[in-house]
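One-based numbering, in listed order, for ligands and for the atoms of each. Note that this is a predicted model, so its numbers are computed, not measured. Computed from heavy atoms alone, side chains included, the values below leave out hydrogens, waters and symmetry copies.
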Amino acid sequence: MKIVTVAAARPNFMKIAPFIAAIAKYKSENRLPKVEHILVHTGQHYDIRMSESFFRELSIPQPDINLEIGSGSHAEQLGYTMIAFEKVLLEHKPDWVVVVGDVNATLSCSVIAKRLNIKVCHIEAGLRSGDMSMPEEINRLVTDRLSDLLLTPDTISSANLRSEGTPDHKIAFVGNIMIDTLEANREIAFSLTLENIINDNLSQGYNFRGTIPSDNSYAVMTLHRPSNVDHEQVLVPIIEFLLNEVTKDLTLIWPIHPRAKKQLKAFGLWDRVQGNDAMILLEPVGYREMLRLNMGAKVMLTDSGGLQEECCILGTPCLTLRWNTERPVTLREFGGASVLVGNNIDRIRKEYHIAVSQQRKPIRPELWDGKTAERCLQAILNWV
Ligand code: UD1
């Protein structure tokens with residue numbers, strides 16, 4: 001059996017790492033059917049800090065093929081990926097294409113695979129935010145509609161698929177594959193020091209004059225969604241809130257996504273954030289470094305889906321700067337650590353004060369047990 005796995009952008013790498021490790025383990029046991037595996041990197045994320053460092057840290061083998069798609073408009077990313085991936089499929093003729101998550105390549109590669117009558121397996125299927133203005137929601141809907149095997153992280157996602165008419169035999173609830181990576185890296189992450197993480201990752205051109213915070217005396221923030229960073233009328237009040245309120249209580253550690261950095265500069269905010277001694281501006285950090293920052297944070301402010309899930313397992317109170325989520329299982333009302341605050345400052349302020357008064361409360365949704373990758377591979381092998 002020949003399997004092609006696709007990875008494209010940062011949030012994909014922690015999902016493919018355990019899957020590839022599960023294939024390597026299976027192969028080492030000389031089991032039948034024999035599995036041949038090809039890893040394709042589309043190159044959507046290409047900076048060392050957004051891509052290569054994750055391959056090294058998570059022991060992902062070098063991609064067999066890199067499509068080098070890079071940045072561009074959505075149409076450019078989708079179209080160029082399809083053109084390049086079609087050639088790969090015609091040459092290698094796999095039995096399965098495995099796609100993960102909801103980035104542009106997830107959609108492009110599943111469409112082309114189906115056009116060539118190749119089976120598609122979607123890991124992290126069934127997530128729905130209901131927000132059609134998010135490119136990721138469109139990517140999820142198209143990919144799930146086309147996939148032959150839909151591997152879901154939670155029972156809410158399985159129910160979403162059923163309610164859309166997906167037949168039961170295509171759906172398998174396997175748990176959250178990201179948590180395999182979290183559990184495999186938890187111990188090493190815990191041994192990292194805040195001082196090293198900060199000194200090793202200071203944002204380029206930024207002169208850090210503050211002091212290194214201790215655990216529980218800092219907040220961590222990540223922002224990258226176009227809805228938060230692309231509009232001045234949204235980003236400016238968020239930055240004002242951080243400068244005038246959050247950094248009066250806590251140090252704020254902010255690993256800045258390239259999109260957010262570009263926008264801070266475009267809106268003339270870069271000098272203001274640089275000038276605040278209680279704000280520590282970092283380049284995008286490694287996987288374990290982020291995990292370590294999360295472990296000691298008093299509160300997380302984020303618009304990332306993956307961090308919502310990691311906060312749930314670590315118990316870090318999490319303000320999700322979005323109006324909806326495709327991951328409701330992480331929300332407080334389902335027992336999780338996260339609360340939706342959108343980008344309304346009154347709401348962010350209110351929930352921020354609640355969050356900083358809370359104790360860390362880890363929870364573990366069903367099958368987020370660190371063994372999801374093996375179930376994914378087994379589901380593919382068992383497919384009839
Ligand atoms: C993409 C995904 C999103 C995911 C996010 C995580 C889609 C539609 N979106 O959004 O789901 O949560 O990745 O990071 O696929 N850039 C660099 N270096 C890089 C990569 C990007 O400088 O290595 C710059 C690009 O030039 C671009 C911006 O960052 O201007 C955004 O990159 P892009 O890949 O278009 O989308 P993301 O916002 O990262």
Side-chain angles (χ1 to χ4, degrees), residues 6-16 40-56 63 66-82 85 99-111 122-125 127-129 131-144 178 181 201 203-205 221-231 234-235 254-267 270 282-287 290 300 302-310 320-322 324-327 330:
V6 179
R10 185 171 62 176
N12 292 162
F13 306 139
M14 33 294 218
K15 295 170 196 165
I16 61 154
V40 175
H41 188 338
T42 70
Q44 176 175 344
H45 283 178
Y46 46 84
D47 282 354
I48 291 179
R49 286 176 173 274
M50 297 293 285
S51 175
E52 200 182 308
S53 68
F54 287 83
F55 276 71
R56 253 185 273 130
N66 193 322
L67 305 181
E68 297 183 355
I69 300 303
S71 303
S73 69
H74 286 283
E76 285 168 339
Q77 281 188 346
L78 292 169
Y80 290 137
T81 306
M82 284 192 197
F85 192 59
V99 293
V100 297
D102 55 20
V103 301
N104 283 333
T106 313
L107 179 151
S108 299
C109 296
S110 49
V111 169
H122 185 201
I123 299 182
E124 207 189 58
L127 271 62
R128 296 290 180 269
S129 67
D131 179 354
M132 291 294 283
S133 69
M134 285 176 77
E136 292 84 353
E137 183 73 355
I138 299 166
N139 295 344
R140 289 180 205 116
L141 281 166
V142 175
T143 303
D144 285 347
M178 288 245 307
T181 302
N201 292 285
S203 189
Q204 259 181 30
M221 183 169 80
T222 78
L223 278 186
H224 76 281
R225 302 244 168 230
S227 56
N228 283 327
V229 302
D230 283 4
H231 310 288
V234 174
L235 190 57
W254 183 4
I256 308 183
H257 187 280
R259 178 190 282 276
K261 189 166 185 177
K262 212 182 280 180
Q263 299 302 70
L264 285 173
K265 290 187 171 169
F267 301 147
W270 184 246
L282 304 182
E283 292 291 321
V285 294
Y287 177 79
M290 191 66 207
M300 174 71 66
T302 188
D303 59 8
S304 145
L307 275 168
Q308 273 170 258
E309 297 177 335
E310 287 159 353
T320 299
L321 280 90
R322 293 177 49 190
N324 49 54
T325 180
E326 59 289 334
R327 295 167 163 88
T330 65

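The residue among N104, V229, I138 with a heavy atom at the shortest distance from atom 15 (O) of ligand 1 is N104. Considering each of R49, R10, E136, the one bringing a non-hydrogen atom nearest atom 11 (O) of ligand 1 is E136.
Of the protein's heavy atoms, P11 CD, 3.5 Å lies nearest to atom 6 (C) of ligand 1. Remark: minimum distance from atom 10 (O) of ligand 1 to any protein heavy atom is reached at H224 CD2, 4.3 Å. Closest to atom 24 (C) of ligand 1 among all protein heavy atoms lies P258 CB, 3.9 Å. In this structure, the protein non-hydrogen atom closest to atom 18 (N) of ligand 1 is D47 OD2, 3.0 Å. Here the protein heavy atom with the shortest distance to atom 17 (C) of ligand 1 is Y46 OH, 3.3 Å. Protein heavy atom at the shortest distance from atom 21 (C) of ligand 1 is H45 CD2, 3.8 Å. Closest protein heavy atom to atom 30 (O) of ligand 1: K262 NZ, 2.6 Å. Closest to atom 36 (O) of ligand 1 among all protein heavy atoms lies R259 NH2, 4.0 Å.
Counting only heavy atoms from C-beta outward, the side chains of L235 and L223 approach each other to under 4.5 Å. No side-chain heavy atom of V103 sits less than 4.5 Å from a side-chain heavy atom of E136. Between E326 and M134 the shortest side-chain heavy-atom distance falls below 4.5 Å. Between H224 and V229, the closest side-chain pair of non-hydrogen atoms is not below 4.5 Å.
The list of salt bridge (charged side-chain N to carboxylate O under 4.0 Å, His left out) pairs with a residue in residues 43-54, not counting sequence neighbours, reads E52-R56.
In terms of polar-atom proximity, H74 is not counted as a contact of ligand 1, lacking any N or O under 3.5 Å from an N or O of the ligand. The shortest N or O to N or O distance between N139 and ligand 1 is not below 3.5 Å. For the pair R225 and ligand 1, the shortest N or O to N or O distance does not fall below 3.5 Å.
In the vicinity of Q77, heavy-atom distances shorter than 4.0 Å reach the ligand 1 atoms 34 (O), 35 (O). Numbered from 1 in the order shown, with element, the atoms of ligand 1 that lie under 4.0 Å from a heavy atom of D102 read 11 (O). Near S71, with a cut-off below 4.0 Å to any heavy atom, the atoms of ligand 1 are 25 (C), 26 (O).
Judged by distance alone, with hydrogens and angles left aside, the side-chain atoms of T106 form a donor-acceptor pair with the main-chain N or O of V100 at under 3.5 Å.
Residue S51 places no heavy atom under 4.0 Å from ligand 1.
The neighbour count for F55 CZ, taken as heavy atoms of other residues, nucleotides or ligands under 6.0 Å away, is above 12.
For the ring pair (Phe, Tyr, Trp, His ring centres under 6.0 Å) with H41, the qualifying choice from F54, F13, Y46 is F13, the only one to do so.
Heavy atoms of P226 found under 4.0 angstrom from ligand 1: none, in either backbone or side chain.
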(request) Show the numbers, then the answer: is there a side chain to side chain donor-acceptor pair (under 3.5 Å) between Q308 and T325? (result) CA-CA 10 Å; Q308 273 170 258; T325 180; 3.0 Å; yes
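Here the OG1 atom belonging to T42 is positioned 7.5 Å from the CG atom belonging to N66, to the nearest 0.5 angstrom.
For H45, there are no side-chain hydrogen bond (donor to acceptor under 3.5 Å, both in side chains) partners, not counting sequence neighbours.
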